[in-house]
Amino acid sequence: MQRFFYICNTMMKPINVADLLEQTTKTLFSFEILPPLKGKSIQSIYDGIDPLIEFKPAFINVTYHREEFIYKKREKGYLEKFSIKKRPGTVGICAAISNKYKTPSVAHLICGGFTREETENALIDLNFLGVNNVLALRGDPIKTEQYFVPEEGGNEYAVDLVKQIIQLNKGQYIEDNIENASPTNFCIGVSGYPEKHSEAPNMKEDIIRLKQKIDAGAGYIVTQMFFDNQKFFDFVALCRAAGITVPIVPGIKPIATKRQLQVLPKLFHIDLPEELTDMVEACKDNEEVKLVGEKWALAQCKELMEKQVPCIHFYTMGKSNAVRNIAKKLF
Ligand code: FAD
């Protein structure tokens, strides 16, 4: 039914994820994928999506990966600096998957590495390809920077990116001499952090910044992964108390390896509950860890669904098996 609606709608009005989340009467299923490493075919993306498509995802997000700098040794010991993008292709993948699966795709767009003009051009590409849902993010500092440094002439915070997209939705491009410019129709999501963003001085300040993104025109929030539902419930309560009324979508990641006990807190600045880490530590191998991770994530999802969250968003990180096993029991 939902797919039929999409096919009809591609010819009329494109699907807006914020509207889907506002209007749904049951918890929706969505997930996030990474573009393949440069050189790999798009089939690797389809292989990750195919096992999940029977659960009728409401939307599929595609992450954006900015450039990294590497140094190559040259003659006389000189080092040459190269900029490489290991996972290019976000825009093309979004268009390909919404076309192939007749499911809305959400393109992640970041401030880092983009001037405002490059951002505008990326938005024009997305608009022409019919990808009208974006998740507006700032991006992390690159490895050689301690703090995030915007591109010269680029957006500094996600809120600035949201404002730029809203301007385009009004037909206002950077060059002010474009006559009769067509307005775009982007639906904008933003990120939220149940355990606070690592750079925010405190939760109150972080929620004030989050509200600024919503006031600027974002229509919904997707959260960073968390493993303790109480943190999500507390976060939602703080958002509501601050006057944030848009849908808030919890992000869930099933743990799959012992190493993730160290990697996830370091990368995402989150805590793992003792009960979970004890169970993972007691596993004899990663096959057992996967079972523990799935069981934990399933319990989280059941409780979230009981509390009628609009959608559960899974971080697949290129591995769809665990998400498939969970989705089979829920959607
Ligand atoms: P912002 O909302 O700009 O906030 C960044 C920090 O600045 C926060 O501490 C905030 O409190 C503070 N702040 C905001 N506005 C102001 C202001 N005006 N003055 C002072 N302080 C301010 N990264 C990628 O590179 N690619 C991806 O595809 C990607 N996808 C993601 C998806 C989700 C659901 C999430 C949760 C994160 C994702 N990230 C991705 C990571 C994200 O880019 C980082 O967490 C980044 O550090 C912050 O991004 P943001 O959009 O939340 O930033």
Side-chain angles (χ1 to χ4, degrees), residues 2 6 14-21 24 27-36 42 44-53 55-66 87-112 122-123 125-127 129-140 158 161-162 165 186-193 213 218-226 246-254 267-268 297 301 309-320 322-324 326-327 331:
Q2 188 190 323
Y6 180 75
I15 286 189
N16 172 316
V17 167
D19 287 347
L20 279 184
L21 296 169
T24 189
T27 300
L28 301 170
F29 165 65
S30 69
F31 60 91
E32 178 173 304
I33 57 163
L34 278 62
I42 196 158
S44 61
I45 291 294
Y46 299 151
D47 291 345
I49 297 176
D50 286 345
L52 301 177
I53 215 71
F55 309 108
K56 299 191 172 47
F59 51 94
I60 301 172
N61 283 42
V62 184
T63 56
Y64 187 90
H65 299 258
R66 70 175 289 191
R87 293 182 185 273
T90 302
V91 171
I93 293 168
C94 281
I97 63 179
S98 53
N99 195 31
K100 180 172 163 67
Y101 297 103
K102 309 296 175 224
T103 298
S105 57
V106 180
H108 289 199
L109 207 56
I110 62 169
C111 304
L123 288 162
D125 283 346
L126 288 167
N127 185 41
L129 289 165
V131 179
N132 69 303
N133 288 286
V134 292
L135 195 72
L137 301 145
R138 187 197 68 179
D140 283 321
L161 177 54
V162 173
I165 303 168
F186 286 107
C187 162
I188 310 167
V190 289
S191 55
Y193 301 83
K213 296 193 275 192
Y220 67 100
I221 297 163
V222 182
T223 77
Q224 182 59 279
M225 65 181 74
F226 57 88
V246 297
I248 303 179
V249 176
I252 294 292
K253 149 120 192 84
L267 280 183
F268 302 111
C301 294
V309 295
C311 179
I312 298 182
H313 188 69
F314 289 91
Y315 293 103
T316 67
M317 291 179 167
K319 308 247 179 329
S320 41
V323 176
R324 182 177 158 77
I326 295 166
F331 298 100

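Only a predicted model underlies this, so the values are computations on that prediction, with no experimental measurement involved.
- At least one donor-acceptor pair under 3.5 Å links the side chain of Asn132 to the backbone N or O of Ile15.
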**Audit row: Phe226, Ile252, side-chain contact (heavy atoms from CB on, under 4.5 Å) steps and yes/no** = CA-CA 7 Å; Phe226 57 88; Ile252 294 292; 4.1 Å; yes

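- You'll find the side chain of Asn133 stays beyond 4.5 Å of the side chain of Phe59, heavy atoms only.
- Here SG of Cys94 is found 12.0 Å from OH of Tyr64. Values are rounded to the nearest 0.5 Å.
- For the residue pair Pro247 and Gly219, the shortest heavy atom distance occurs at CD-O, 3.5 Å.
- A pairwise comparison of heavy atoms in Ser105 and Ile97 identifies CB-CG1, 3.9 Å as the closest pair.
- A 4.5 Å side-chain heavy-atom check between Arg138 and Ser191 finds every atom pair outside the cut-off.
- In this structure, CG in Leu161 is found 7.5 Å from CD1 in Ile188, a value given to the nearest 0.5 Å.
- Residues Ile326 and Phe314 have side chains in contact (heavy-atom distance under 4.5 Å, counting atoms from C-beta outward).
- With hydrogens and angles disregarded, no donor-acceptor distance shorter than 3.5 Å links the side chain of Ser98 to the backbone of Pro104.
- Looking at Asp50 and Tyr101, their side chains do bring a donor and an acceptor atom within 3.5 Å of each other.
- Going from atom CD of Glu32 over to atom CE of Met225 covers 8.0 Å, rounded to the nearest 0.5 Å.
- Under the 30°/60° scheme for interplanar angles, the aromatic rings of Tyr315 and His313 are found to stand perpendicular.
- Interatomic distance, Leu20 CG to Tyr220 OH, rounded to the nearest 0.5 Å: 9.5 Å.
- When all heavy atoms are compared, the tightest approach of Pro35 to Pro88 is CB-O, 3.5 Å.
- In summary, of the residues considered (Leu135, Ile93, Val91), a side chain to side chain contact (heavy atoms under 4.5 Å, CB included) with Val62 occurs for Ile93 alone.
- The two residues Val190 and Ala218 have their closest heavy-atom pair at CG1-CB, 3.7 Å.
- For the pair Leu126/Phe186, a side-chain contact is recorded, criterion being any heavy-atom separation below 4.5 Å from C-beta on.
- In terms of heavy-atom proximity, Pro51 sits nearest to Tyr46 at CD-O, 4.5 Å.
- Not a single donor-acceptor pair under 3.5 Å links the side chain of Lys56 to the backbone N or O of Ile53.
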**Asked** Step by step, would you call Ile60 with Leu52 a side-chain contact (heavy atoms from CB on, under 4.5 Å)?
**Response** CA-CA 10 Å; Ile60 301 172; Leu52 301 177; over 6 Å; no

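- For the residue pair Ile165 and Ala136, the shortest heavy atom distance occurs at CD1-CB, 4.2 Å.
- Here the straight-line distance linking atom NE2 of His65 with atom OG1 of Thr90 works out to 6.5 Å at 0.5 Å rounding.
- Here CD of Gln224 is found 12.0 Å from NZ of Lys253. Values are rounded to the nearest 0.5 Å.
- In summary, the side chains of His108 and Thr63 do not present any donor paired with an acceptor at a separation below 3.5 Å, with no hydrogens or angles considered.
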**Message:** Go through it in stages, so that I can follow the logic: the residues are Leu21 and Leu28, the test is side-chain contact (heavy atoms from CB on, under 4.5 Å), and I'd like the CA-CA distance, side-chain angles, deciding distance and then a yes or no.
**Reply:** CA-CA 8 Å; Leu21 296 169; Leu28 301 170; 4.3 Å; yes

